[in-house]
**Student:** 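Submitted below is the structure of interest, expressed as structure tokens.
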Amino acid sequence: MKPALPKGMRDFGPEIMLKRNYIIETIKRVFENFGYQPLQTPAMEKLTTLTGKYGEEGDKLLFKVLNQGQKVLKADHKAFEEKNAVRFANSLAERGLRYDLTIPFARFVVMNQSQITFPFKRYQVQAVWRGDRPQKGRYREFYQCDADVVGSNSLLNEAELTQIFDMVYNGLGLNVTIKINNRKILAGMAEVVNCADQLTSITIAIDKLDKIGLDGVVKELGERGIPEAAIETIKTFLTAQGDNAGMMALLKEKLANSEIGMKGVEELETLMNYLNTLDLKQTIELDITLARGLDYYTGTIFEVKANDFQIGSISAGGRYDDLTGTFGLKGVSGVGISFGLDRIYDVMEGLGLFQSLAINTTKVLFINFGGDNQAYAFQQLQTLRKAGIAAEIYPDAAKMKKQMKYANAKKIPWVIFTGDAEIESGNLKIKNMETGEQEEMSIEAMLSKLSG
RNA sequence: GUGACCAUAGCUCAGUUGGUUAGAGCACUGGAUUGUGGUUCCAGGGGUCGGGGGUUCGAAUCCCCUUGGUCACCCCA
């Protein structure tokens with residue numbers, strides 16, 4: 001049988017894992033610096049928890065887990081005969097793999113509300129699964145690194161999350177643009193053009209502005225049944241130019257008749273004022289065409305794009321006023337962000353940013369000469385490890401050439417020989433694999449040399 | 001879910017208008033070198049040419065189906 005992976009699943013070898021871990025560690029360090037605490041939730045959730053939270057498209061992409069044993073016989077045969085794939089599939093499964101980390105987090109908060117001190121700040125680094133067709137920058141299994149805070153309406157949270165974006169990407173050496181918008185502004189715009197009930201259609205269309213252009217958006221709005229007059233007004237929003245302050249003034253003027261719209265402008269302005277007091281290195285861009293697909297966002301929305309590499313967004317997030325509401329806990333607002341580990345990796349690999357990364361691996365290899373020599377080397381090895389030096393011994397008394405090749409392939413910088421001559425002298429012979437130089441010294445001298 | 005392109009050794013690929021026994025580089029194993037790798041030289045193992053069917057005297061090559069991959073759309077980290 002030929003080994004293979006299911007579609008969209010990937011292995012990560014040691015080389016890749018070292019780089020991935022580096023990214024994760026950078027992100028975690030910043031999260032913890034801001035007082036976020038770790039959480040893990042299971043890969044599998046009940047479908048009732050997951051469905052209906054991500055919009056129609058999201059439900060389609062949920063990976064479902066087949067019911068166990070006899071239960072599958074209770075499937076909806078009628079749905080099968082009617083070729084209703086969705087209903088039939090739902091009758092076969094009661095559980096699914098998590099689609100993101102936010103909904104499981106909301107579930108956790110509701111289930112543990114009595115234990116939790118609010119505002120509750122948690123971070124979570126785990127895989128999520130989507131039954132999408134894999135392509136560039138898109139995987140069926142990928143890691144999200146989330147930080148969320150629930151139980152606080154303060155826009156200070158948004159400001160801090162923006163700062164987290166900034167610090168993480170500074171730390172990784174990436175240039176990004178952090179795009180910010182507010183769903184209330186989009187709602188206000190829909191209200192002003194008398195299409196409040198078609199908010200979703202409007203946001204989906206204008207979200208594509210940078211992809212299909214103004215004409216494309218106008219066309220799509222028309223196809224989605226937005227009246228001509230409304231489209232004309234929407235056009236004036238989309239063509240508005242100016243710096244962040246100018247845009248703000250313009251929005252105030254245009255949205256004056258919409259209560260929710262003005263609320264959105266006010267929130268955005270407050271956030272921008274907070275951000276102005278911070279020393280942010282990355283580009284902050286107010287982008288009123290930013291919409292975000294996920295249904296649950298209600299306030300601020302974020303999206304981060306890499307400046308020097310073509311790929312989808314590498315981070316995203318936003319505020320959700322009623323995420324825990326569907327689980328029975330009302331009036332708890334939350335806001336969170338998510339780093340797309342796999343895409344960040346793709347960007348950094350694409351830009352060659354891992355080159356300078358000092359990869360932490362074995363520092364010393366003991367050559368195995370077998371017999372008494374092996375026992376001696378094994379002993380010396382313990383001393384190095386105790387001193388915190390990453391060391392290993394070749395487990396077999398293989399040919400010298402093979403052992404040297406191993407050190408070479410694994411980029412181990414030092415090799416130690418403990419042959420008969422060395423055992424007799426009580427010293428060890430150490431070889432620098434880069435320069436080829438070798439010298440004999442005592443174990444003590446070696447310790448200070450290697451830990452330096 | 002819609003569409004386009006691709007599939008040859010473990011990996012990256014070559015293979016002429018259809019023509020004899022399908023090749024190269026890298027990797028692996030052995031040797032030149034019994035205690036010295038990363039350079040060199042020699043030898044070796046490894047293929048149902050993704051799978052099935054068809055056209056043909058003859059198919060890796062042409063046609064159909066199927067599976068898998070890549071990319072774009074939808075949507076998204």
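Letters go in sequence order (proteins before strands), and every chain restarts at 1.
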**Student:** Would you say the side chain of M404(A) lies within less than 4.5 Å of the side chain of M433(A), judging by non-hydrogen atoms?
**Tutor:**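 Counting from C-beta outward, M433(A) and M404(A) do come under 4.5 Å.
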
**Student:** Give one of base, sugar-phosphate or nothing for G137(A), where a contact means two heavy atoms less than 4.0 Å apart.
**Tutor:**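 Counting heavy atoms under 4.0 Å across all strands, the contact made by G137(A) includes a base.
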
**Student:** Where do N or O atoms of nucleotides 66-70 of chain B meet protein N or O atoms at under 3.5 Å, pair by pair?
**Tutor:**
residue: rG69(B); atom: OP2; partner: K7(A); partner atom: NZ; Å: 2.6

**Student:** F339(A) vs Y169(A) aromatic rings, parallel, tilted or perpendicular, using cut-offs 30° and 60°?
**Tutor:**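 Taking Y169(A) first and then F339(A), their aromatic rings sit tilted (interplane angle of 30° to 60°).
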
**Student:** If we take the C1' atom in both rG3(B) and rU29(B), what is their distance in whole Å?
**Tutor:**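 Between the two C1' atoms, the distance is 47 Å.
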
**Student:** Taking the P atom of each, how far is rA22(B) from rA60(B), in whole Å?
**Tutor:**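 Looking at atom P only, rA22(B) and rA60(B) are 9 Å apart.
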
**Student:** Write down the distance between CD (E57(A)) and P (rC73(B)), rounded to a whole number of angstrom.
**Tutor:**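 That distance rounds to 14 Å.
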
**Student:** Can you check the distance between rC65(B) and rA43(B), where both ends of the measurement are the C1' atom (answer in whole Å)?
**Tutor:**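 It comes out at 45 Å once rounded to the nearest Å.
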
**Student:** Could you give the distance separating rG35(B) and rC42(B) at their C1' atoms, to the nearest angstrom?
**Tutor:**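 Here rC42(B) and rG35(B) have their C1' atoms 24 Å from each other.
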
**Student:** Work out how far the P atom of rG18(B) is from that of rU56(B), and round it to whole angstrom.
**Tutor:**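 Looking at atom P only, rG18(B) and rU56(B) are 16 Å apart.
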
**Student:** Which of these passes salt bridge (charged side-chain N to carboxylate O under 4.0 Å, His left out) with D342(A): K136(A), R20(A), K19(A)?
**Tutor:**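 When salt bridge (charged side-chain N to carboxylate O under 4.0 Å, His left out) is applied between D342(A) and each of K136(A), R20(A), K19(A), only R20(A) qualifies.
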
**Student:** On the 0 to 90° scale, with breaks at 30° and 60°, tag the F302(A)-F165(A) ring pair as parallel, tilted or perpendicular.
**Tutor:**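 Ring orientation, 0 to 90° scale: perpendicular.
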
**Student:** As a check on the pairing definition, encode RNA chain B in dot-bracket form, counting Watson-Crick and G-U wobble pairs whose two distances are under 3.5 Å, and using | for partners outside this strand.
**Tutor:** (((((((..((((.....[...)))).(((((.......))))).....(((((..]....))))))))))))....

**Student:** Look at all strands and tell whether K208(A) reaches a base, only sugar-phosphate, or nothing, counting heavy atoms closer than 4.0 Å.
**Tutor:**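 Here K208(A) touches the backbone only, sparing every base.
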
**Student:** Mind calculating the distance between CG (D420(A)) and P (rG35(B)) to the nearest angstrom?
**Tutor:**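 Checked: the CG to P distance equals 10 Å.
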
**Student:** Within this structure, what is the CZ-to-P distance between R140(A) and rC71(B), rounded to whole angstrom?
**Tutor:**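 So the CZ-P distance, R140(A) to rC71(B), works out to 14 Å.
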
**Student:** Q374(A) has an atom CD; how far is it from atom C1' of rG35(B), in whole Å?
**Tutor:**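 Those two atoms, CD and C1', are 16 Å apart.
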
**Student:** Could you check whether the rings of Y406(A) and Y394(A) sit parallel, tilted or perpendicular, using 30° and 60° as the cut-offs?
**Tutor:**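 Rings of Y406(A) and Y394(A): perpendicular, over 60°.
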
**Student:** Report the distance from atom CZ of R138(A) to atom C1' of rA72(B), rounded to the nearest whole Å.
**Tutor:**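 So the two atoms are 10 Å apart, to the nearest Å.
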
**Student:** Could you check whether atom CZ of F378(A) has more than 12 heavy atoms from other residues, nucleotides or ligands sitting under 6.0 Å from it?
**Tutor:**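 12 or below, so no.
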
**Student:** Partners of P413(A) by side-chain contact (heavy atoms from CB on, under 4.5 Å), sequence neighbours excluded?
**Tutor:**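 Partners of P413(A) under the side-chain contact (heavy atoms from CB on, under 4.5 Å) test: K363(A).
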
**Student:** Under 4.0 Å between any heavy atoms, over every strand shown, what does S338(A) touch: base, sugar-phosphate, or nothing? Just pick one.
**Tutor:**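 Since no nucleic acid heavy atom lies under 4.0 Å of S338(A), the category is nothing.
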
**Student:** Quickly work out the K402(A) NZ to rG31(B) C1' distance and round it to whole Å.
**Tutor:**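 After rounding, the gap between these two atoms is 15 Å.
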
**Student:** Check for a donor-acceptor pair, side chain of Q403(A) on one end and backbone N or O of N368(A) on the other, with a separation under 3.5 Å.
**Tutor:**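 Between the backbone of N368(A) and the side chain of Q403(A) there is a qualifying donor-acceptor contact (under 3.5 Å).
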
**Student:** Please measure how far the P atom in rG25(B) lies from the corresponding atom in rG45(B), and state the result in whole Å.
**Tutor:**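 That atom pair is separated by 15 Å.
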
**Student:** Among residues at least two apart in sequence or on other chains, which ones pass side-chain contact (heavy atoms from CB on, under 4.5 Å) with K7(A)?
**Tutor:**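 Scan of K7(A) (side-chain contact (heavy atoms from CB on, under 4.5 Å), adjacent residues dropped) gives P134(A), R140(A).
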
**Student:** Over 60° means perpendicular and under 30° means parallel, so classify the ring planes of F31(A) and Y36(A), tilted if in between.
**Tutor:**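 It falls in the tilted class, 30° to 60°.
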
**Student:** Contact class for I204(A) vs. all strands (heavy atom < 4.0 Å): base, sugar-phosphate, or nothing?
**Tutor:**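 Sugar-phosphate, no base atom in range.
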
**Student:** Base, sugar-phosphate alone, or nothing: which one does A409(A) contact when heavy atoms must sit under 4.0 Å apart?
**Tutor:**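 Answer is nothing: A409(A) stays at 4.0 Å or more from every strand.
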
**Student:** With a non-hydrogen cut-off below 4.0 angstrom, is G312(A) in contact with a base, only sugar-phosphate, or nothing?
**Tutor:**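 The answer is nothing, as G312(A) stays clear of every strand by at least 4.0 Å.
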
**Student:** What integer distance in Å separates E220(A):CD from rC73(B):C1'?
**Tutor:**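 Spelled out: CD on E220(A) to C1' on rC73(B) is 12 Å.
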
**Student:** For the atom pair CD1 (I202(A)) and CD1 (I234(A)), what is the distance rounded to the nearest 0.5 Å?
**Tutor:**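 Separation between the atoms: 4.0 Å.
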
**Student:** Mind checking if Y139(A) touches a base, just sugar-phosphate, or nothing, with heavy atoms under 4.0 Å?
**Tutor:**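 Result for Y139(A) = base.
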
**Student:** Tell me every residue that passes side chain to side chain donor-acceptor pair (under 3.5 Å) with E32(A), counting only those two or more places apart in sequence or in another chain.
**Tutor:**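 Here the qualifying residues are Y123(A).
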
**Student:** Please tell me if the side chains of L18(A) and F12(A) come closer than 4.5 Å, counting only heavy atoms from C-beta onward.
**Tutor:**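 Counting from C-beta outward, L18(A) and F12(A) never come under 4.5 Å.
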
**Student:** For rG47(B) and rA24(B), measure between their P atoms and round to the nearest Å.
**Tutor:**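 After rounding to an integer number of Å, I get 15 Å for this pair.
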
**Student:** Distance check, P atoms only: rG44(B) and rG19(B), in whole angstrom units.
**Tutor:**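 One P to the other, the span is 28 Å.
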
**Student:** For nucleotides 36-38 of chain B, which of its nitrogen or oxygen atoms have a protein nitrogen or oxygen under 3.5 Å away, and what is each distance?
**Tutor:**
residue: rU36(B); atom: O2; partner: K431(A); partner atom: NZ; Å: 2.7
residue: rU36(B); atom: O2; partner: Q438(A); partner atom: OE1; Å: 3.3
residue: rU36(B); atom: N3; partner: Q438(A); partner atom: OE1; Å: 3.0
residue: rU36(B); atom: N3; partner: Q438(A); partner atom: NE2; Å: 3.4
residue: rU36(B); atom: O4; partner: Q438(A); partner atom: NE2; Å: 3.2
residue: rG37(B); atom: N1; partner: M433(A); partner atom: O; Å: 2.5
residue: rG37(B); atom: N2; partner: N408(A); partner atom: OD1; Å: 2.7
residue: rG37(B); atom: N2; partner: M433(A); partner atom: O; Å: 2.5
residue: rG37(B); atom: N3; partner: N408(A); partner atom: OD1; Å: 3.1
residue: rG38(B); atom: O4'; partner: N408(A); partner atom: ND2; Å: 2.7
residue: rG38(B); atom: N2; partner: E434(A); partner atom: O; Å: 3.0

**Student:** Rounding to a whole Å, what distance do you find between D396(A):CG and rU29(B):P?
**Tutor:**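 Spelled out: CG on D396(A) to P on rU29(B) is 13 Å.
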
